[in-house]
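Below is one structure, written out as structure tokens, with a few remarks after it.
In what follows, chains carry the letters A, B, and so on, assigned in the order in which the sequence lines appear, proteins first and then strands, with residues in each chain numbered from 1.
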Number of protein chains: 2
Amino acid sequence: MKVLLVFAHPEPRSLNGALRDVAIHELEAQGHEVRVSDLYAEGWKSEVDRADFPSQPPDERLIAVAASKAAFDTGTLTEDVRAEIEKLLWADVLILQFPLWWFGMPAILKGWVDRVFAYGFAYGVGEHSDRRWGDRYGEGTLAGKRAMLIVTAGGWEEHYAARGVNGPIDDLLFPINHGILYYPGYEVLPPFVAYRVDRLAEAGFEAVAERLRERMRTLATTPPIPYRRQNGGDYLIPSMQLRPGLGDPGTSGFGLHADEVATGI
Amino acid sequence: MKVLLVFAHPEPRSLNGALRDVAIHELEAQGHEVRVSDLYAEGWKSEVDRADFPSQPPDERLIAVAASKAAFDTGTLTEDVRAEIEKLLWADVLILQFPLWWFGMPAILKGWVDRVFAYGFAYGVGEHSDRRWGDRYGEGTLAGKRAMLIVTAGGWEEHYAARGVNGPIDDLLFPINHGILYYPGYEVLPPFVAYRVDRLAEAGFEAVAERLRERMRTLATTPPIPYRRQNGGDYLIPSMQLRPGLGDPGTSGFGLHADEVATGI
């Protein structure tokens, strides 16, 4: 398979840098072809602004959604963004690797999403009717491809557990896994998360690395998170509410949007 | 009161720009003192990188947490970051205003958090013992102050409801409200959210503006989200799990960390 790894850490000599090399090495050993977008090394621009839309008249009010649509339609997105879109279309698998900073992605990676996920490419795709609300959440430009996160966290795993004070890690990552990756069509694999990384000694590293290698070996076979397809019948249109009766009564919040029962997970 | 509004939109002539002016005008009419950090206008740097720690030797491995601690302790954070910290200490109320992009903050605002919320200032504060796990989640440098979000979203309110396909808005904002604002001590007010903003006509604007004015008038009196204090007895230490028996059995995920019953909300 073809794998794109988007890497968002400022220090190559970091744990993240070491884990990236472990992942790439294992992927290549399995015969996969790997490309890397190293956002810090490439000096990625994080901010959506007027410079992203060079064909827009300089004194015209900037409406980001409309400008994104116009630039995508006319092929006038900036070269750095077009190069990333080309890589996303090339790859069978997208991996986003980052340290969890303030319970989310570092700004540079959020800026990669904000700028690369253009209107007409990652959103604003498909027809709206009484049977479908665009191609999103399981459908879209990137359908048929897989995606997963590689995340490092300074905190303890217990603090990210179902009743841990930080909130469950799967819920903290839901805006990324469901909102950013599942939205344009990716099948999203469970994330790889390493905890307490500030205290990880040499001895601890090898166990984490081996766990990551195993995930790289099973990239094609790991069952994705069973998010519900928007247009598969589970949601009312146009209110996009989960139909009454669906979802475990003991579940609330984000958990409703994965159909754990159907898949036996 | 003293209010700091951090504004993260690239276009002054936007709905966000108009709502910002509405908020400022109403706050000043109420006798509050307002300062604004306009991140785009000020050319805010989004990325945490080596340039943030000028006193670190250039060939030394960058460990962001350690570098942040050292720079805060020695007063060698960069001037832009120190200016924002000074404003945060000055303000009684912090307002973060932004368009919801991909279910989170624009990169430039995430970069404001990543860079300004330094170790020793916003995290890494307080003692760890068998009775407390640092000063965080309701305690910390910014305790006694209030914070709230002003958010615009393109999508429909129904899609962000309890069973809506995007996930509940309160859960989508939990990593910000609880993870970024409550963490260093703020009391966090319920967010102000405007939906379907891409279709908001002139007539619709005034209703949204009036709703925002009302929130600005009640900034001092609106009850905060009743998040549970980490060191208040609800969590086991050091696992930081919510004690057995606490939390509505019909609630899971983020909802467990607000004590709605106790406050009658």
Examine whether an atom of [X] lies under 4.5 Å from a heavy atom of chain B, and if so say whether it belongs to the side chain, the backbone or both; otherwise answer neither.
| X | answer |
| --- | --- |
| A/Tyr227 | neither |
| A/Asp198 | side chain |
| A/Leu256 | side chain |
| A/Arg228 | neither |
| A/Tyr235 | side chain |
| A/Trp156 | side chain |
| A/His178 | side chain |
| A/Arg136 | side chain |
| A/Pro12 | neither |
| A/Val65 | side chain |

Options [options], ranked by heavy-atom pairs under 4.5 Å with chain A, top entry:
| options | answer |
| --- | --- |
| B/Gly164, B/Gly167, B/Pro175 | B/Gly164 |
| B/Gln241, B/Lys45, B/Glu157, B/Arg61 | B/Arg61 |
| B/Ala64, B/Ser239, B/Gly111, B/Ala162 | B/Ser239 |
| B/Ser252, B/Pro10, B/Ala66 | B/Ser252 |
| B/His159, B/Glu47, B/Arg243, B/Glu158 | B/His159 |
| B/Arg50, B/His9, B/Arg13 | B/Arg13 |

Top contributor to chain B contacts, counting heavy-atom pairs under 4.5 Å, from [options]:
| options | answer |
| --- | --- |
| A/Asp49, A/Leu172, A/Thr251 | A/Leu172 |
| A/Ile108, A/Asp170, A/Leu246, A/Asp171 | A/Asp171 |
| A/His257, A/Arg163, A/Lys110 | A/Arg163 |
| A/Leu236, A/Leu15, A/Val48 | A/Val48 |

Query raised in the report: For residues A/Gln230 and A/Trp133, is any side-chain donor paired with an opposing acceptor at under 3.5 Å?
Result: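 No, no side-chain donor-acceptor pair sits under 3.5 Å.
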Query raised in the report: Just checking, any donor-acceptor pair under 3.5 angstrom between side chains of B/Tyr137 and B/Asn231?
Result: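 Side-chain D/A pair, B/Tyr137 to B/Asn231: absent.
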Donor-acceptor contact below 3.5 Å, side chain [X] vs main chain [Y]:
| X | Y | result |
| --- | --- | --- |
| B/Glu42 | B/Trp44 | no |
| A/Ser68 | A/Tyr119 | yes |
| B/Ser37 | B/Leu39 | no |
| A/Glu139 | A/Gly185 | no |

Query raised in the report: For chain B, which residues from residues 120-127 of chain A have at least one heavy atom closer than 4.5 Å to it?
Result: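 A/Ala122, A/Tyr123, listed by number.
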Looking at side-chain heavy atoms only, is the closest gap between [X] and [Y] below 4.5 Å?
| X | Y | value |
| --- | --- | --- |
| A/Met240 | B/Asn166 | no |
| A/Leu173 | A/Phe254 | no |
| A/Ile169 | A/Phe174 | no |
| B/Tyr183 | B/Phe117 | no |

Query raised in the report: Under the ring pair (Phe, Tyr, Trp, His ring centres under 6.0 Å) criterion, do B/Tyr160 and B/Tyr195 qualify, and how do the steps go?
Result: CA-CA 9 Å; B/Tyr160 292 94; B/Tyr195 297 94; 5.6 Å; yes
Query raised in the report: How many angstroms lie between CD1 in A/Ile180 and CH2 in A/Trp112, if you round to the nearest 0.5 Å?
Result: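 Between atom CD1 of A/Ile180 and atom CH2 of A/Trp112 there are 9.5 Å.
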Query raised in the report: Would B/Asp52 and B/Arg115 pass as an ion pair if we require N to O under 4.0 Å?
Result: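 Salt bridge between B/Asp52 and B/Arg115, a charged N being under 4.0 Å from a carboxylate O: yes.
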Requested in this report: Give me the one residue out of A/Leu149, A/Leu181, A/Leu142, A/Val188 that meets side-chain contact (heavy atoms from CB on, under 4.5 Å) with A/Leu94.
Outcome: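 Of the listed residues A/Leu149, A/Leu181, A/Leu142, A/Val188, the side-chain contact (heavy atoms from CB on, under 4.5 Å) partner of A/Leu94 is A/Leu181.
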Report task. Would you check, one step at a time, whether the test side chain to side chain contact (heavy atoms under 4.5 Å, CB included) holds for A/Ile176 with A/Phe98? Result -> CA-CA 12 Å; A/Ile176 304 173; A/Phe98 58 96; 3.9 Å; yes
Report task. Any chance you could lay out the side chain to side chain donor-acceptor pair (under 3.5 Å) test for B/Asp80 and B/Thr78, step after step, and finish with the verdict? Result -> CA-CA 6 Å; B/Asp80 57 349; B/Thr78 55; 2.6 Å; yes
Query raised in the report: For B/Pro99, is it the side chain, the backbone, both, or neither that has a heavy atom closer than 4.5 Å to a heavy atom of chain A?
Result: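 Contact with chain A: none, neither part.
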